[in-house]
Engineer: 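Have a look at the structure that comes next, please.
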Amino acid sequence: MKNMETSSRRFCSLPSRQCGSSDRTTSVRDDVLTVLTNARLPLSAYDILRCIDSPDGRTLAPPTIYRALSKLMAEGLVARLESRNAFVHIRAKNPSRLVFCICEQCGIAQSVENEASSRLIDKNADSLGFQVRRRIIELQGLCSDCQSCPATPVRSTTQSLPPQAIK
């Protein structure tokens, strides 16, 4: 059990009195959003599960976390990074206009709203008679910190991404 707590602390930056606490009365949905808000990296549902417990002290099941994530995505507060099968907290006027920049070295994911590329995609889809219902744009490369780090090896584009959070 101690090993699991140590590994979840790696991804959960909440103070120990908040992460994994069973005496809180907030809902699971709020707990999931708090964990993602304070996370340094995109987190899988299982990473999130290790960071929270249910308010009544029972162990939560993965479907509970997935239901909370689904509601948060529907509200536009959370996005799923398809290439990582991980989730991030987002703050955007229009989440469907986000472009995610994911660092291949450190795993950090940043997002920017890009109206121009979204309009171009919509225009091209319309010309095909295609109706866009969901849009996820992910770019992979090196963040500014990893670019400036002399120890960062130059990666080939054919190499795989680093593994996602330890499960």
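Atom set for the values below is all heavy atoms of this structure, side chains included, hydrogens, waters and symmetry mates excluded. Numbers here are sequence positions counted from 1.
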Engineer: Identify the heavy atoms of Val32 and Ile65 that sit nearest to each other, and give their distance.
Structural biologist: CG2-CD1, 4.1 Å
Engineer: Any luck finding a side-chain donor-acceptor pair between Asp31 and Thr34 under 3.5 Å?
Structural biologist: no
Engineer: Taking salt bridge (charged side-chain N to carboxylate O under 4.0 Å, His left out) as the test, write out the residues that go with Asp126, two or more places apart.
Structural biologist: none
Engineer: Taking only residues two or more places apart in sequence, or in another chain, which ones meet Ser96 in a side chain to side chain donor-acceptor pair (under 3.5 Å)?
Structural biologist: Asn94
Engineer: First locate atom OG of Ser83, then atom CD of Glu104, and finally report the distance between them rounded to the nearest 0.5 Å.
Structural biologist: 9.5 Å
Engineer: So, taking the atom named CD1 in Ile121 and the one named CD1 in Ile137, what distance separates them when rounded to the nearest 0.5 Å?
Structural biologist: 3.5 Å
Engineer: Tell me whether Ile136 is reachable from Leu36 by hopping between hydrophobic residues (I, L, V, M, F, W, Y) whose side-chain heavy atoms are closer than 4.5 Å.
Structural biologist: no
Engineer: Please enumerate all residues that pass salt bridge (charged side-chain N to carboxylate O under 4.0 Å, His left out) together with Arg134, with sequence neighbours excluded.
Structural biologist: Glu82
Engineer: Can you tell me how far the CG atom of Leu77 sits from the CG atom of Leu33, to the nearest 0.5 Å?
Structural biologist: 5.5 Å
Engineer: Who pairs with Arg119 by salt bridge (charged side-chain N to carboxylate O under 4.0 Å, His left out), at least two apart in sequence or on another chain?
Structural biologist: Glu115
Engineer: Closer than 3.5 angstrom, by distance alone: can the side chain of Gln147 be matched with the main-chain N or O of Leu142 as a donor-acceptor pair?
Structural biologist: yes
Engineer: If hydrophobic clusters are built from ILVMFWY residues whose side chains come within less than 4.5 Å, do Tyr46 and Leu43 share one?
Structural biologist: yes
Engineer: Would you please name every residue forming a side chain to side chain contact (heavy atoms under 4.5 Å, CB included) with Thr64, sequence neighbours left out?
Structural biologist: Val28, Leu60, Ala61, Arg67
Engineer: Among all residues two or more places apart in sequence or in another chain, which pass the salt bridge (charged side-chain N to carboxylate O under 4.0 Å, His left out) test with Arg29?
Structural biologist: Glu75
Engineer: Backbone N or O of Tyr66 within a donor-acceptor pair of the Ser70 side chain at under 3.5 Å?
Structural biologist: no
Engineer: So how far is it from Asp47 CG to Cys51 SG, rounded to the nearest 0.5 Å?
Structural biologist: 7.0 Å
